[in-house]
Amino acid sequence: MKKVSLLVLMVMASCKAFAAPVPAELKLGIDPTFPPFESKTPQGQIVGFDVDLGKAICQKMQVKCVFVENSFDGLIPALKAKKFDAILSSLSINEERKKSIAFSSALFTTPVYLVTAKNSGLSATPEALKGKRVGVQQGSVFESYANQYWRAKGVEVVSYGSPDEIYADLALGRLDASLDDAASATASFLDKPQGANFQLNGKEVYDKVLFGNGTGLGLRKGDEPLKAAIDKAIGEIKADGTFARLNKEYFKFDVSPRS
């Protein structure tokens with residue numbers, strides 16, 4: 001009996017040795033060019049809805065939060081290269097990304113719209129956008145959507161490194177439209193003087209396969225202890241009202257994930 005018990009203990013110890021423990025310091029990869037979710041103040045401080053959610057998650061996990069800046073299109077390769085432990089940068093949970101990384105439970109979701117000049121006569125259809133230039137962020141689900149549904153039908157899809165670059169060109173007339181998250185487009189452009197003559201155009205653009213049911217933290221496959229700890233923390237910040245408080249602080253609408 002003692003031999004059997006000893007064998008069980010040895011197997012358990014072996015399994016624990018191979019399972020990556022939850023780190024005392026949680027490094028979160030982030031591209032701070034996407035307000036109000038993540039951006040930098042003039043003093044260089046990283047702020048935003050994602051940032052505050054990340055801090056709340058770390059607090060529940062009782063670990064130190066460290067934000068590691070990285071370009072959005074390079075976040076997944078950097079995660080795989082172990083430059084940080086997880087991605088926290090408004091990363092949509094979809095089937096294509098699930099092929100290469102794992103995800104936490106869903107954090108939030110916000111609607112996607114075409115952004116155009118007022119009275120442009122454009123709409124989010126390939127027929128209306130044929131021959132037009134539409135700006136999208138490189139590596140985003142907006143780029144995936146435009147490439148899949150519009151590019152082959154005569155729409156010129158132009159990829160940019162950041163939303164700021166997109167809206168600079170849209171304001172100057174170098175683009176006819178942009179496809180973006182409504183909250184980000186409003187904070188980055190529409191609420192600013194240069195966006196006064198522009199608007200969220202028409203109906204919400206949605207594709208369940210590409211956009212998924214919301215955003216989540218991107219994780220390396222097989223990192224189950226960290227996923228379990230993060231999922232537990234997400235559940236706690238939603239149960240204790242932290243998520244609802246931050247939602248109200250940043251948005252005028254509910255950003256809970258789609259069911």
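Side-chain atoms of K238 come within 3.5 Å of backbone N or O of L107 as a donor-acceptor pair. Remark: side-chain polar atoms of T41 are paired, donor with acceptor, to backbone N or O of Q45 under 3.5 angstrom. Between the side chain of N70 and the backbone N or O of G74 there is at least one donor-acceptor pair closer than 3.5 Å. Judged by distance alone, the side chain of Q59 and the main-chain N or O of K55 form no donor-acceptor pair under 3.5 Å. Remark: the backbone N or O of D207 is not paired with any side-chain donor or acceptor of Y145 at under 3.5 angstrom. Checking side-chain atoms of S188 against main-chain N and O of A185 turns up no donor-acceptor pair under 3.5 Å. S89 places no side-chain N or O within 3.5 Å of a backbone atom of L91 that could act as its donor or acceptor partner. The backbone N or O of L114 lies less than 3.5 Å from no partner atom in the side chain of N201, so there is not a single donor-acceptor pair. A donor-acceptor pair under 3.5 Å is absent between the side-chain atoms of N197 and the main chain of A117, judged by distance alone. One N or O on the side chain of K118 and one on the backbone of A196 form a donor-acceptor pair closer than 3.5 Å.
Closest non-hydrogen pair, D50 versus E38, comes out as OD2-OE1, 2.5 Å. Annotation for K221 and S100: closest pair CE-C, 4.0 Å, computed over non-hydrogen atoms. The heavy-atom pair separating L122 from A128 by the smallest distance is CD2-O, 3.4 Å. When all heavy atoms of T109 and P257 are compared, the closest pair comes out as CG2-CA, 3.7 Å. Taking every heavy atom of both residues into account, A187 and P36 meet most closely at CB-CD, 3.6 Å. Closest approach of S178 and I166 over heavy atoms only: OG-CG2, 3.5 Å.
Hydrophobic clustering (ILVMFWY, side-chain heavy atoms < 4.5 Å, transitive): F251 and V47 are in distinct clusters. In the hydrophobic cluster analysis, where Ile, Leu, Val, Met, Phe, Trp and Tyr join through side-chain heavy atoms closer than 4.5 angstrom, I237 is grouped together with L217. Clustering ILVMFWY residues whenever any of their side-chain heavy atoms sit less than 4.5 angstrom apart, transitively, puts F37 in the very cluster that holds L246. Clustering ILVMFWY residues whenever any of their side-chain heavy atoms sit less than 4.5 angstrom apart, transitively, puts I30 in the very cluster that holds V255. Criterion: ILVMFWY side-chain heavy atoms under 4.5 Å apart, direct or through other members. Under it, V68 and V51 are not part of a common hydrophobic cluster.
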Open item on the list: Does F142 form a side chain to side chain contact (heavy atoms under 4.5 Å, CB included) with V205? I'd like the steps, not just the answer.
Closed with: CA-CA 10 Å; F142 318 125; V205 178; over 6 Å; no
- [ ] Carefully, step by step, assess Y113 and Y206 under the rule ring-ring contact (aromatic ring centres under 6.0 Å, His included).
- [x] CA-CA 9 Å; Y113 279 86; Y206 181 64; over 10 Å; no
TODO: In sequence, state the C-alpha distance, the side-chain angles, and the governing distance for D180 and V112, and then conclude on side chain to side chain contact (heavy atoms under 4.5 Å, CB included).
DONE: CA-CA 6 Å; D180 199 1; V112 176; over 6 Å; no
Task: Working for side chain to side chain contact (heavy atoms under 4.5 Å, CB included), residues D85 and L28 - done: CA-CA 6 Å; D85 304 301; L28 298 170; 5.9 Å; no
TODO: Using the salt bridge (charged side-chain N to carboxylate O under 4.0 Å, His left out) rule, take E236 and K232 through it: C-alpha gap first, then chi angles, then the decisive distance, then the call.
DONE: CA-CA 6 Å; E236 289 173 353; K232 181 174 181 291; 2.6 Å; yes
Task: D231 vs K227, salt bridge (charged side-chain N to carboxylate O under 4.0 Å, His left out): CA-CA, chis, key distance, verdict - done: CA-CA 6 Å; D231 283 349; K227 173 176 166 51; 2.9 Å; yes
Open item on the list: Walk me through whether Y149 and V155 qualify under side chain to side chain contact (heavy atoms under 4.5 Å, CB included).
Closed with: CA-CA 9 Å; Y149 292 109; V155 182; over 6 Å; no
- [ ] Verify salt bridge (charged side-chain N to carboxylate O under 4.0 Å, His left out) between K153 and E127, making sure each step is shown before the conclusion.
- [x] CA-CA 8 Å; K153 296 183 179 180; E127 295 78 18; 5.4 Å; no
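Within a 6.0 Å radius of CD in Q62, other residues, nucleotides and ligands contribute 12 heavy atoms or fewer.
Residues F103 and R97 form a side-chain contact, since some pair of their non-hydrogen atoms from C-beta on lies under 4.5 Å apart. Counting only heavy atoms from C-beta outward, the side chains of K248 and R245 never approach each other to under 4.5 Å. V134 has its side chain out of reach of E156: every pair of non-hydrogen atoms, C-beta onward, lies at least 4.5 Å apart. Between L79 and R220, some side-chain heavy-atom pair lies under the 4.5 Å cut-off. Between L26 and L226 there is a side-chain heavy-atom pair separated by less than 4.5 Å. Side-chain contact between F34 and S39 is absent, with no heavy-atom pair separated by less than 4.5 Å. Annotation: side chain of V136 is not in contact with side chain of Y160 (no heavy-atom distance under 4.5 Å). Taking 4.5 Å as the limit, some side-chain heavy atom of V141 sits within range of a side-chain heavy atom of N94.
Residue T116 holds its OG1 atom at 8.0 Å from CG of L170, rounded to the nearest 0.5 Å. Atom CZ of F108 sits about 10.0 Å away from atom CG of N247, to the nearest 0.5 Å. Annotation: the span from K60 atom NZ to I230 atom CD1 amounts to 15.0 Å, rounded to 0.5 Å. Expressed to the nearest 0.5 Å, how far CG of D73 lies from OG of S162 amounts to 11.0 Å. One finds the OG atom of S71 at 8.0 Å from the CD atom of Q138 (value rounded to the nearest 0.5 Å). Atom CZ of F49 sits about 8.5 Å away from atom OH of Y250, to the nearest 0.5 Å.
In this structure, a donor-acceptor pair under 3.5 Å is present between the side chains of D31 and T33. A side-chain N or O of D254 and one of S256 form a donor-acceptor pair less than 3.5 Å apart.
Applying the disulfide bond (SG atoms under 2.5 Å apart) definition to pairs two or more places apart or across chains, those involving residues 25-91 are C58-C65.
Note: F189 and Y167 have parallel aromatic rings, judged against thresholds of 30 and 60 degrees for the angle between ring planes.
Checked against side chain to side chain contact (heavy atoms under 4.5 Å, CB included), S144 has the following partners two or more places apart in sequence or in another chain: L210.
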